[in-house]
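Read through the structure below, which is laid out as structure tokens, and then see the notes.
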Amino acid sequence: MRRLLALMLVGTMAISMTACGSAAGESKVSKEEVSSGSADVTSAEALSEDKDSPDYYVQMAADEVISWTPKNEKVNKVGLIVPDTTSEFYNGIIKDAKAIFEDAGYEFVSDGVNSDATRGITAIESWVAGGIDAIVIMAQDQTCDLALKKAMEQGVLVVSASAEIKYYHHWLMQDNYDVGYQTAKMAAEWMGEHYDGKGQYICISNNTTPATADKSRGVVEGMAKLLPEGECVGEVILSSTDQVRADVDTLLMQYPDVHCIVAMHNAFSLIGLESAKAAGKAVYGEFAVFGSALSEQVLSELNKADSCYEGEIWMGDQGRNLAEHTIGLLEGESYPHDWAALNYPVSRENLTTYYDDYYKELAKVNTEK
């Protein structure tokens, strides 16, 4: 096994994303359902027993273990497609993945869709023609489905590392609703400790994609359930970052008793923090801000003893996870067809140990499975 280099992902997430490949809400059909006749599938969708067929993986159970046999005797080239190469967040993933792949001896290429629906397709087709061994795609829509299917038919390993797509061998997924819910849990616990589970708060949501909408719903519903005596004075829904700031400023002015801002991602919780500072409310112990994803700026805030940024839900180092899983499959490791990242709370209390603790917990969960 080639040595894998573990790198920490730091960066901020793009506010809105357009990339190829998500088929949100599609359900998989089990082999048992197909063989028993209980599944409602057309003959074209019927389960293939040929592991070289993309349709075999479309209907594979989420917990079914897959292994991979490369088409080439020597594998040496992998490609990564991200939604947006102008984003610090996605450039951080590219940087980390590149370091791990190249340290393991692989040639690495990358591209971004960057709001051009055809760019991902072009990258996939050119990489396949050039003899790529594996493609990792961070998908947000269905644009690349057909190109990915053709890649699989040519013997290319396809790893999905974002929203669900139809054609892939292995999916590094996130329970986006749970990300939001766990963010709400941190906030509700803080409100319980400081304000007896009562008081006013603001939620910040982003409904531009199914994944971000699920996180947002997790925040809003989680707060309502976990803080039943609290009051949400407003849910700010993204249309632009300037609008988010203006709406939060307005709510803080209208409701001076707001004690907490809970956002589906730190791109918005950090905006909320700036609003709280401008309103003179960002007092440690009296006001709190929570988000998810864990950026460098959030880590800086958590390192400040007097910052009212209190906590974040982290889903692991995506660059590390996608690189290690792809290399593992190329080199004979086995994984579940769909693999879920942990949603892990990070605060001042575990700021110096959270990274190692996360991967220890992840290894424990995988062993139990």
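All heavy atoms count here, side chains included; hydrogens, waters and symmetry mates do not.
The aromatic rings of H325 and Y335 sit parallel, their planes meeting at an angle under 30°, below the 60° perpendicular limit.
Defined by atom type and a distance below 3.5 Å, a donor-acceptor pair is missing between the side-chain atoms of N343 and D175. Counting only N and O atoms by type, the side chains of E221 and Y177 include a donor and acceptor under 3.5 Å apart. No side-chain donor-acceptor contact under 3.5 Å links S240 and D242. No donor-acceptor contact under 3.5 angstrom links the side chains of Q297 and N266, judged on distance only.
The salt bridge (Lys or Arg N to Asp or Glu O under 4.0 Å) test applied to K304 returns E301, not counting sequence neighbours. For D357, the side chain to side chain donor-acceptor pair (under 3.5 Å) partners two or more places apart in sequence, or in a different chain, are T353. Legend: residues meeting ring-ring contact (aromatic ring centres under 6.0 Å, His included) with W68, ordered by chain and number and at least two apart, are H169. Remark: C232 pairs with Y201, C203 by the side-chain contact (heavy atoms from CB on, under 4.5 Å) rule, at least two apart or across chains. The salt bridge (Lys or Arg N to Asp or Glu O under 4.0 Å) search around K185 returns none, not counting sequence neighbours. Checked against ring-ring contact (aromatic ring centres under 6.0 Å, His included), F108 has the following partners two or more places apart in sequence or in another chain: F101. Considering only residues two or more places apart in sequence or on other chains, D196 meets the side chain to side chain donor-acceptor pair (under 3.5 Å) condition with none of them. Scored by the side chain to side chain donor-acceptor pair (under 3.5 Å) test, D249 finds R245, S275 as partners (sequence neighbours excluded). Residues that satisfy the side chain to side chain donor-acceptor pair (under 3.5 Å) test with T85, not counting sequence neighbours, are N114.
Atom NZ of K277 is separated from atom OG of S307 by 6.5 Å, given to the nearest 0.5 angstrom. Note that CE of M191 and CD of E310 are 12.5 Å apart. Values are rounded to the nearest 0.5 Å. Distance check, rounded to the nearest 0.5 Å: CD of Q182 to CG of L342 gives 10.5 Å. To the nearest 0.5 Å, atom CG of residue D111 and atom CD1 of residue I81 are 6.5 Å apart. Between I135 atom CD1 and T326 atom OG1 the span is 11.0 Å, to the nearest 0.5 Å. Note that the CG atom of D214 and the CG atom of D178 stand 11.0 Å from one another [nearest 0.5 Å].
When all heavy atoms are compared, the tightest approach of G319 to I100 is O-CD1, 4.2 Å. Taking each heavy atom of V248 and G272 in turn, the nearest pair found is CG1-CA, 4.4 Å. The minimum heavy-atom distance linking L330 with A134 is given by the pair CD1-CB, 4.1 Å.
Taken together through direct or relayed side-chain contacts under 4.5 Å among Ile, Leu, Val, Met, Phe, Trp and Tyr, L226 and V219 form parts of separate hydrophobic clusters. Residues V220 and I313 are members of separate hydrophobic clusters, defined by side-chain heavy-atom contacts under 4.5 angstrom among Ile, Leu, Val, Met, Phe, Trp and Tyr. Hydrophobic clustering places Y344 together with L351 (ILVMFWY residues linked when any side-chain heavy atoms are closer than 4.5 Å, directly or through intermediates). Hydrophobic clustering of Ile, Leu, Val, Met, Phe, Trp and Tyr side chains at less than 4.5 Å, counting indirect connections, keeps V346 apart from Y181.
When atom types are taken as modelled, the side chain of N72 and the backbone of I132 share no donor-acceptor pair closer than 3.5 angstrom. Distance alone, capped at 3.5 Å, is enough to place a donor-acceptor pair between the N303 side chain and the L299 backbone. Remark: the backbone N or O of S239 is paired with a side-chain donor or acceptor of Q243 at under 3.5 angstrom. A donor-acceptor distance shorter than 3.5 angstrom exists from the side chain of D133 to the backbone of K77, with no hydrogens or angles considered. The main-chain N or O of T122 is found under 3.5 Å from a side-chain atom of S126 such that the two form a donor-acceptor pair. The closest donor-acceptor contact from the side chain of Y358 to the backbone of M315 lies under 3.5 Å. In this structure, the side chain of R320 does not engage the main chain of D96 through any donor-acceptor pair within 3.5 Å. A donor-acceptor pair is defined here as one N or O able to donate and one able to accept, closer than 3.5 Å; such a pair exists between the side chain of T212 and the backbone of T209. A donor-acceptor pair is defined here as one N or O able to donate and one able to accept, closer than 3.5 Å; no such pair exists between the side chain of D103 and the backbone of A99. Side chain of S216 to backbone of N206: a donor-acceptor contact under 3.5 angstrom is found.
Looking at L270 and S295, their side chains come closer than 4.5 Å, going by heavy atoms from C-beta outward. Contact of the D55 side chain with the Y167 side chain is registered, since non-hydrogen atoms from C-beta on lie closer than 4.5 Å. Contact check for V289 versus F268: no side-chain heavy atoms found under the 4.5 Å cut-off. Side-chain contact between E324 and E333: absent, with no pair of heavy atoms (C-beta onward) separated by less than 4.5 Å. Under the 4.5 Å side-chain criterion, counting only non-hydrogen atoms from C-beta, M138 is in contact with P83. Looking at L322 and I93, their side chains come closer than 4.5 Å, going by heavy atoms from C-beta outward. Between F290 and S269, the closest side-chain pair of non-hydrogen atoms is not below 4.5 Å. Residues N207 and I237 have side chains in contact (heavy-atom distance under 4.5 Å, counting atoms from C-beta outward).
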Please list, one pair per line, the donor and acceptor atoms closer than 3.5 Å that link side chains of residues 149-162 to other protein atoms, with sequence neighbours excluded.
{"residue": "S160", "atom": "OG", "partner": "A163", "partner atom": "O", "Å": "3.4"}
{"residue": "S162", "atom": "OG", "partner": "A139", "partner atom": "O", "Å": "3.3"}
{"residue": "S162", "atom": "OG", "partner": "Q140", "partner atom": "NE2", "Å": "3.0"}

Donor-acceptor contacts under 3.5 Å from residues 281-288 side chains, at least two apart:
{"residue": "K281", "atom": "NZ", "partner": "P256", "partner atom": "O", "Å": "2.7"}
{"residue": "K281", "atom": "NZ", "partner": "V258", "partner atom": "O", "Å": "3.2"}

Chi angles and distances behind the side chain to side chain contact (heavy atoms under 4.5 Å, CB included) call for Y359, N321: CA-CA 10 Å; Y359 282 98; N321 291 345; 2.9 Å; yes

Take Y354 and E312 through the test side chain to side chain contact (heavy atoms under 4.5 Å, CB included) and record every step on the way to the result. CA-CA 11 Å; Y354 77 90; E312 189 98 329; over 6 Å; no

Given M264 and T183, is the side chain to side chain contact (heavy atoms under 4.5 Å, CB included) satisfied, shown in steps? CA-CA 8 Å; M264 55 74 62; T183 305; over 6 Å; no

Quick one, I202 with V262, criterion side chain to side chain contact (heavy atoms under 4.5 Å, CB included). Give me CA distance, side-chain angles, the key distance, then yes/no. CA-CA 6 Å; I202 296 169; V262 197; over 6 Å; no

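Sorted by first and then second residue, the ring-ring contact (aromatic ring centres under 6.0 Å, His included) pairs with a member in residues 215-263 read Y195-H259; sequence neighbours excluded.
When the shell of 6.0 Å around NZ of K198 is examined, it contains 12 or fewer heavy atoms from other residues, nucleotides or ligands. Within a 6.0 Å sphere centred on NZ of K225, other residues, nucleotides and ligands contribute 12 heavy atoms or fewer.
Ring pair Y168/H337: centre-to-centre distance below 6.0 Å.
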